[in-house]
Amino acid sequence: MNHLKLFVAPLKWHGIKLLEKQDIARRVFLHGQRYVSSGTSEPFLSASNSNYVEEMYYAWLENPKSVHKSWDVFFQNANAGQAYDPHLPDQLERKASFLQSHGLAQTPGKAEKLVEDHLAVQSLIRAYQVSIRGHHVAQLDPLGILDADLDSFVPSDLITTIDKLGFYGLHESDLDKVFQLPTTTFIGGSENSLSLREIIKRLENTYCQHIGLEFMFINDVEQCQWIRQKFETPGVMKFTNEEKRTLLARLVRSMRFEDFLARKWSSEKRFGLEGCEVMIPALKTIIDKSSEMGIEYVIMGMPHRGRLNVLANVIRKELEQIFCQFDPKLEAADEGSGDVKYHLGMYHERINRATNKKITLSLMANPSHLEAVDPVVQGKTKAEQFYRGDTAGKKVMSILLHGDAAFAGQGVVYETFHLSDLPSYTTNGTIHVVVNNQIGFTTDPRMARSSPYPTDVARVVNAPIFHVNADDPEAVMYVCSVAAEWRNTFNKDVVVDLVCYRRRGHNEMDEPMFTQPLMYKQIHKQVPVLKKYADKLIADGTVTLQEFEEEIAKYDRICEEAYTRSKDNKILHIKHWLDSPWPGFFNVDGEPKSMSCPPTGISEDLLTHIGNVASSVPVKDFKIHAGLSRILRARLEMTKNRVVDWALAEYMAFGSFLKEGIHVRLSGQDVERGTFSHRHHVLHDQEVDKRTCVPMNHLWEQQAPYTVCNSSLSEYGVLGFELGFAMASPNALVCWEAQFGDFHNTAQCIIDQFISSGQAKWVRHNGIVLLLPHGMEGMVRAAGWHVWRGNAAYCVFLCGQRCLGDPIVIQSSGEEGTFEVSQLYECNWIVVNCSTPANYFHVLRRQILLPFRKPLIILTPKSLLRHPEAKSSFDEMVSGTTFQRVIPENGLAAHAPHEVKRVIFCTGKVYYDLVKERKNQDLEKQVAITRLEQVSSLILRRQGPWGDFQQRTLSNPSWPCGEGTQQECTRLSWFQLG
């Protein structure tokens with residue numbers, strides 16, 4: 001308290017007069033500037049009452065036990081770190097007026113009692129509102145056997161029994177007294193005062209029934225007031241009979257769909273939604289409300305539980321296409337392995353029946369890695385907003401569904417949340433829906449998380465959390481409607497926690513009684529939510545029993561008819577489950593329109609123009625760093641000399657796309673400057689804080705935008721985000737650069753499950769570019785081997801079987817380039833390790849000019865960024881030039897092949913080391929060095945005398961000698977990728 005005394009000491013000199021002139025809140029809440037009002041208010045306290053308030057505060061500072069409990073609670077709450085409430089002066093003014101109207105302004109004894117009682121009531125109201133009180137006693141668990149949180153503490157300051165009134169210095173005799181309500185509550189509706197009995201009743205109805213609210217940690221008074229008004233106002237949770245009937249019909253479809261699958265395929269895993277059937281009407285309510293507020297496109301991500309139900313009843317996938325997935329004899333018509341039915345996604349445009357507006361829904365495919373799809377959804381959402389010019393997120397939004405155990409346990413959830421408010425990553429708010437089964441597979445929540453709730457991770461971004469009992473459908477619908485309004489109003493994340501249960505085990509074949517016997521005994525007794533709600537509506541006359549049974553029969557008939565039609569399906573078309581189609585990019589059969597690639601070079605005038613802009617500061621009165629001035633001068637000199645280094649080659653590739661209307665996005669840790677200080681795509685004014693310039697956005701008046709953005713220190717989340725961004729359009733170059741090559745290890749799930757296998761599983765093309773720098777150079781002990789291993793070996797290991805197994809079956813059809821392009825099309829991704837800036841330039845341009853999209857892995861160098869020999873001439877980049885998959889020997893050995901004794905195959909920067917050593921040993925005629933620039937796929941063709949040699953050597957690097965080719969080569973060496 002000593003520091004508080006220091007703040008209060010000056011008050012004694014000013015005394016009462018200062019209290020009368022200043023905002024009373026400033027005197028009462030001195031501790032911390034957050035309690036200081038920015039405005040001024042009129043004097044409102046008489047001398048005696050202002051003196052009384054001041055004396056109470058001084059006394060409390062000296063000894064909290066020396067004042068009445070109500071004062072102690074009041075001052076504790078005020079100093080507990082809550083945001084300053086601008087309505088507080090008004091509250092105190094109203095209290096002062098109330099004192100005066102009762103003739104108590106000049107009677108300190110009575111005034112003291114009245115003020116104490118009103119402050120006690122205000123503290124009581126706040127106790128229900130704050131984030132660690134009301135929701136602890138809310139009736140959230142539909143099973144009635146567990147608390148929704150792991151904290152068994154029941155707050156002593158809630159009026160759970162009459163004797164608790166004593167905590168506030170109130171008594172049972174005070175229950176019928178009328179108290180003035182503070183402006184921080186809306187429980188009064190149009191009334192300004194209520195009896196204590198009614199106040200407690202309304203607080204109980206708001207905060208301690210089937211909805212638990214966590215929002216008082218939000219440090220924005222307007223947002224807190226908004227939530228209070230939505231939930232505290234009397235009568236807000238009323239539904240019309242039509243709305244209740246719609247809710248019942250949606251519950252019927254949700255539950256009967258699961259029942260139908262259980263009847264037809266009782267021994268099949270489907271990861272059903274039983275126990276949380278209310279999720280379907282919940283999602284539809286969010287979509288309806290969002291559509292009403294202008295949303296046109298909703299992108300969703302979810303784990304496998306309930307996915308088939310969402311596809312059927314939210315996305316509206318044809319039921320027969322879902323049912324035929326259970327047929328083991330179904331043959332795949334598309335290339336690739338496909339995936340299990342509860343991993344598949346879907347894209348659908350339809351009319352929203354509630355609003356009669358067009359809406360597009362996309363459910364992203366997801367592997368078994370439960371939360372891996374989160375950043376992918378966010379990236380695609382950001383891209384769709386970007387291409388629509390939807391900077392405020394009023395047309396495109398995302399919904400993420402989670403399981404309780406995964407939401408608390410998976411680190412990518414945290415990484416994704418931390419992208420939510422970053423300028424180049426924000427999607428202007430996401431609605432998170434947690435299916436809280438209160439169990440993770442077989443693991444009890446007490447063993448699965450350290451936080452009270454599974455949703456506590458959302459508090460780090462000030463997202464309000466609405467817990468709701470999933471067996472109260474109307475409460476769920478209201479919460480979801482408020483969540484949609486919140487997202488549209490404040491453009492911030494919000495979490496809906498559906499506290500439910502899992503009627504079966506982890507899957508339909510699992511026995512949960514092994515590990516949760518008591519829980520599942522209760523679950524077996526649990527009346528399904530559909531029956532509960534139907535009985536309620538029948539009892540109050542909203543629907544009749546006959547109408548209810550007809551609704552069930554109607555949907556059962558729909559399912560049966562679809563089941564009959566599904567038997568006619570003998571072929572599975574995976575492309576019918578595509579979650580990110582690109583209309584017009586492929587032909588009607590989903591195949592490339594051609595199998596050739598035009599030359600990737602550009603005109604010299606264009607190269608020169610881009611080089612000149614890259615060497616300049618296109619903004620007036622912009623002071624750059626002296627060291628950067630030298631770098632720009634060096635770029636200008638290279639441009640004049642018609643040569644490029646690595647950074648300038650990249651600049652020219654990016655810049656050429658912008659002229660062609662192709663958006664370029666480069667993301668990753670420190671990419672704006674470049675980890676090795678070579679890029680400098682964002683210039684910083686040395687004299688004006690936060691003033692920056694991106695020269696690449698000043699190339700032409702009419703050009704596509706260039707986005708370069710430093711990311712958060714995340715690989716898993718950010719790479720997933722960029723992958724999602726690249727899904728939205730084939731006409732964009734989206735690049736993610738790892739700070740060091742091995743840093744992609746922490747994003748391995750995205751690489752393994754989405755990038756390398758996405759096309760095989762989901763027929764999903766993606767042109768994302770991964771730049772993995774540093775490979776096996778510098779810091780050898782600390783980073784050498786694992787950086788190298790992470791960069792190259794693993795990438796080649798993940799190349800598809802059709803790429804490495806027997807690619808030579810493809811024959812040339814006559815057109816130059818067809819063979820190479822066809823071979824690329826058969827690969828799951830492309831891996832290159834360029835040794836020249838020109839080849840780096842060409843491979844970036846080829847990525848967009850190809851008639852299809854494949855992920856591109858570029859093993860970028862560190863030492864070659866400034867290597868004096870690692871430069872390319874404009875002649876290697878002008879119109880008509882193209883990417884060189886193999887760069888043969890072009891020195892002395894090439895001019896005298898009969899003198900060659902050894903041929904070395906290598907890739908990447910090790911070429912320059914070999915050339916240096918060859919020169920040192922005077923072996924320039926005896927040793928030929930061939931560079932393999934494209935590691936996957938390899939060029940293997942039957943034509944020509946070298947066909948057998950190439951086949952055996954490139955498919956088996958340990959083979960030492962080319963039999964039958966002794967005239968050309970006496971010995972072969974293979975240098976590992978480097």
Side-chain angles (χ1 to χ4, degrees), residues 334-336 582 585-587 589-601 653 657 662 723 726 730-735 751 754-772 792 795-834 838-859 881-887 907 931-943 950-951 954-955 977:
D334 305 289
E335 299 293 347
W582 293 336
F585 186 71
F586 295 111
N587 63 26
D589 297 321
E591 297 295 325
K593 294 179 179 179
S594 71
M595 202 54 75
S596 62
C597 179
T600 49
F657 283 136
I662 301 296
L723 176 72
N731 299 315
L733 183 70
V734 180
C735 307
I751 293 173
F754 289 88
I755 299 178
S756 72
S757 59
Q759 185 178 353
K761 294 190 294 186
W762 307 317
V763 199
R764 177 198 282 166
H765 286 249
N766 196 292
I768 190 171
V769 177
L770 273 63
L771 304 175
L772 306 182
C795 296
V796 176
F797 175 76
L798 286 179
C799 290
Q801 179 62 32
R802 297 182 61 193
C803 177
L804 290 180
D806 187 20
I808 60 173
V809 297
I810 301 174
Q811 301 296 329
S812 175
S813 61
E815 182 180 356
E816 184 63 27
T818 299
F819 172 81
E820 289 86 351
V821 174
S822 298
Q823 193 178 51
L824 292 177
Y825 185 66
E826 294 300 314
C827 280
N828 60 327
W829 63 11
I830 304 166
V831 182
V832 300
N833 192 8
C834 300
N839 242 10
Y840 179 48
F841 163 86
H842 284 299
V843 79
L844 287 174
R845 286 194 45 81
R846 187 184 69 174
Q847 187 69 359
I848 293 297
L849 296 179
L850 283 170
F852 47 81
R853 294 292 175 263
K854 298 284 180 177
L856 172 62
I857 316 298
I858 303 180
L859 310 177
T881 58
T882 188
F883 175 73
Q884 294 180 273
R885 292 153 61 102
V886 174
I887 302 179
T907 180
R931 286 170 276 176
L932 301 180
E933 300 286 285
Q934 183 168 289
V935 181
S936 167
S937 65
L938 301 175
I939 297 180
L940 299 177
R941 302 177 70 171
R942 292 193 187 279
Q943 293 92 341
Q950 289 176 316
Q951 180 182 354
L954 298 186
S955 61
L977 309 181

Quiz item: Donor-acceptor pair, D589 side chain versus E591 backbone, under 3.5 Å?
Solution: no
Quiz prompt | Minimum heavy-atom distance L733-L844, with the two atoms named | solution = CD1-O, 4.3 Å
Quiz item: Which atoms form the tightest heavy-atom contact between V843 and C834, and what is the distance?
Solution: CG1-SG, 4.3 Å
Quiz item: Do Q884 and H842 have side chains that get closer than 4.5 Å, going by heavy atoms?
Solution: no
Exercise. Verify whether the ring centers belonging to F585 and H765 lie closer than 6.0 Å.
Key: no
Quiz item: What is the distance from atom CD1 of I857 to atom CG of N833, rounded to the nearest 0.5 Å?
Solution: 12.5 Å
Quiz prompt | I755 to P855 - nearest heavy-atom pair and separation | solution = CG2-CB, 3.5 Å
Exercise. Calculate, to the nearest 0.5 Å, the distance between atoms CZ and SG belonging to F852 and C597 respectively.
Key: 8.0 Å
Exercise. Could you grab the distance from atom CG of L772 to atom CG of L859, nearest 0.5 Å is fine?
Key: 6.0 Å
Quiz item: For the residue pair I768 and Q847, what are the closest heavy atoms and their distance?
Solution: O-NE2, 4.0 Å
Practice problem: Show the numbers, then the answer: is there a side chain to side chain contact (heavy atoms under 4.5 Å, CB included) between I887 and N839? | Solution: CA-CA 10 Å; I887 302 179; N839 242 10; 3.9 Å; yes
Self-check item: Distance, nearest 0.5 Å, that separates CG of L723 from CG of N766
Solution: 4.5 Å
Quiz prompt | Any donor-acceptor pair under 3.5 Å from R931 side chain to R885 backbone | solution = no
Quiz prompt | Minimum heavy-atom distance Q934-F883, with the two atoms named | solution = OE1-CE2, 3.6 Å
Quiz item: Within the side chain of S756, is there an N or O that forms a donor-acceptor pair under 3.5 Å with the backbone of I751?
Solution: yes
Practice problem: Sort out for me which residue in L850, T881, L849 forms a side-chain contact (heavy atoms from CB on, under 4.5 Å) with T600. | Solution: L849
Practice problem: Working to the nearest 0.5 Å, report the span between CG of L770 and CD1 of I830. | Solution: 12.5 Å
Exercise. Provide the closest heavy-atom pair for C827 versus S936 in the form atom of the first, atom of the second, distance.
Key: SG-OG, 4.3 Å
Quiz prompt | N/O donor-acceptor pair under 3.5 Å between N828 side chain and S757 backbone | solution = no
Quiz prompt | Rounded distance [0.5 Å steps], CD1 in I858 versus SG in C735 | solution = 7.0 Å
